[in-house]
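In listed order, ligands and their atoms are each counted from 1.
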Amino acid sequence: MAGYNLEAIEAAPLKEDVDIVIPTIRSLDFLEQWRPFLKHYHLIIVQDGDPSINIRVPEGYDYELYNRNDINRILGPRANCISYKDGGCRCFGFMVSKKKYIYTIDDDCFMAKDPSGKEINVIAQHIKNLETPSTPHYFNTLYDPFRDGTDFVRGYPFSLREGVTTAISHGLWLNIPDYDAPTQLVKPRERNIRYVDAVMTIPKGVLYPMCGMNLAFNRELIGPAMYFGLMGEGQPISRYDDMWAGWAAKVVCDHLGFGVKTGLPYVWHSKASNPFVNLKKEHKGLHWQEDMVPFFQNLRLSRESDTAAKCYMELSNMTKEKLTEVDPYFEKLADAMVAWIEAWEELNPPVDGKDVKAK
Ligand SMILES: O=c1ccn([C@@H]2O[C@H](COP(=O)(O)OP(=O)(O)O[C@H]3O[C@@H](CO)[C@H](O)[C@H]3O)[C@@H](O)[C@H]2O)c(=O)[nH]1
Ligand SMILES: [Mn+2]
C-alpha cells in the first residue's frame, strides 16, 4: 500500500476488546482514509438527525448502525436521555457496546502523522495509555513514566510508583483546535501545528476540559459516568456534552482511584464548525461553566458510592440540589442522568450480580 507504513498498520491491538463509536450527522467518508488502522475493529455508528436518511458505511467495515428510531425502540421512554442533534448522542453507543474499551472519534478527524512522517496508530497509543498505570498523586516531570525510554525521575516516592489503573485516555488534535466559539471568532485562522510528544496524568483533584473528538476509555471501569448529557434540539444548551462527561468522569475516577491521561495520540481535525452557529449553541454553557466547574470541584462523593453507576446516581442528586438554582434545566438533566443509569443497567446487567468496584 503506497505511502503507508505496513508494519504499524498491521498492528491492531486488542481488536476483540475495543469498539469504535462514531456520532455522525454528516457522512462516514472519513473512514476511507482510516481503513488501514480501523478496519480491524467493530464500529458502532450513532446516526444523528433525520433517521430516514440512508448513510453509507465504507466497504469492508464491520459495524452496527443506530438511528433515532432505533434509540427510541431500544430505550423506550428512557430514550429522552440521549441528545438529539448534538454529538452527545454518541453515548448511546457506549451503552450498547459490550467491549472493555471504547474509542470514540468525530467524523471530521483524519489520520495524522508524527514529526518523522509516520502515520499515527491512534488505537495502539490509546491502548498503551489505558493498559499502563496513571500517576495522579505526584507529578512526574518526564511525564508518563510507563512509556518506553523514560521512567520516574529522582525524588519520585517509591511508594507511589505502582500508580493506579488508567480509566481514560484523552487524545489531542492537530490542525483545527477544540476552541469555544468566542476564541474561534477572534482567531479564525489559528491552527495547531505543535506536535507535543507527551502523555501525562491529570493530577487527582484537577479537572480538565475533556473533548470527545479523540477519546478512549475503559468502559467496564467508568462507562456509566461517561454520559454526554442532555443537549441539542429541545434543550437550552449544546456542545457541552463532552465537557459534562469529562467533569463527571474525572470526579468519579478521583473518587474510585482511577487515573486519567492526556496527550498522545493526535488526530487531524479537518473541519472548523461555524463559530456563529456554535456561539448560539454554546452561549448558556459559557455562563454556566463558571458554576458547573466549581460544583464539580467542591463536591464529595460518599464511601457507599463504590461503583461508577452508584457515583453517578449520587451526582444526579447533587446536580438537582446544587445546580437547579443556576437554571431549572439542571433538574431535567439530573432526571436524564437517572434515566441513563437505569437504561445502562438494563442493557448491562452486572456480571455475577456484581459491578466493578473501586480498588
Ligand atoms: O448535531 C450534531 C452535530 C454534530 N454531530 C457529530 O458530532 C461530531 C462533532 O461535531 P463537529 O465536528 O461539528 O463539532 P466540533 O466543534 O468540531 O467538535 C467538538 O465539539 C464537541 C461538542 O459536541 C465535540 O465532541 C468536539 O469534538 C461529528 O462527528 C458530528 O457529525 C452530531 O452527531 N450531531
Ligand atoms: Mn469537528
- Message: Tell me whether ligand 1 is touched by H269 - counting only heavy atoms on the residue side and a distance under 4.0 Å.
- Response: yes

To check your reading of the model: name the closest protein heavy atom to [atom], its residue, and the distance in Å.
atom                    : value
atom 24 (C) of ligand 1 : D242 OD2, 3.6 Å
atom 9 (C) of ligand 1  : D106 OD2, 3.1 Å
atom 10 (O) of ligand 1 : R26 NH2, 4.0 Å
atom 31 (O) of ligand 1 : D107 OD2, 2.7 Å
atom 7 (O) of ligand 1  : G87 CA, 3.4 Å

Less than 3.5 Å between some nitrogen or oxygen of [X] and one of ligand 1, yes or no?
X    : answer
I25  : yes
P23  : yes
D178 : no
K85  : yes

- Paired with I127, the side-chain contact (heavy atoms from CB on, under 4.5 Å) test is passed by just one of L14, T132, V122, namely L14

Relative to [atom], which among [options] owns the nearest non-hydrogen atom?
atom                    : options               : result
atom 34 (N) of ligand 1 : N274, D241, D48       : D48
atom 12 (O) of ligand 1 : V46, D86, V277, D108  : D108
atom 14 (O) of ligand 1 : R239, R90, Q47, K281  : R239
atom 15 (P) of ligand 1 : S273, C211, S83, A181 : S273

- Item | Q125, K128, H126 screened by side chain to side chain donor-acceptor pair (under 3.5 Å) with S169, the one that passes | H126

- Out of D19, N348, D17, which one pairs with R219 under the side chain to side chain donor-acceptor pair (under 3.5 Å) rule? N348

- Message: If you consider just the N/O/S atoms, which atom of H269 is the closest one to the Mn ion (ligand 2)?
- Response: NE2

- Would you mind naming the N, O or S atom of D108 nearest to the Mn ion (ligand 2)? OD2

- How about K320: does its NZ atom have over 12 heavy atoms from other parts shown lying under 6.0 Å from it? yes

Can you tell me if [X] uses its side chain to pair, donor with acceptor, with the backbone of [Y] under 3.5 Å?
X    : Y    : result
T166 : I168 : no
K100 : E220 : no
T135 : G163 : no

- Query: Does one side chain, of E331 or T324, offer a donor that lies under 3.5 Å from an acceptor on the other?
  - Reply: no

- Testing F92, F94, Y227, F228 for ring pair (Phe, Tyr, Trp, His ring centres under 6.0 Å) with W340, which one passes? Y227

- Query: Mind checking whether V252 and V293 sit in one hydrophobic cluster, side chains of I, L, V, M, F, W, Y counted as touching below 4.5 Å?
  - Reply: yes

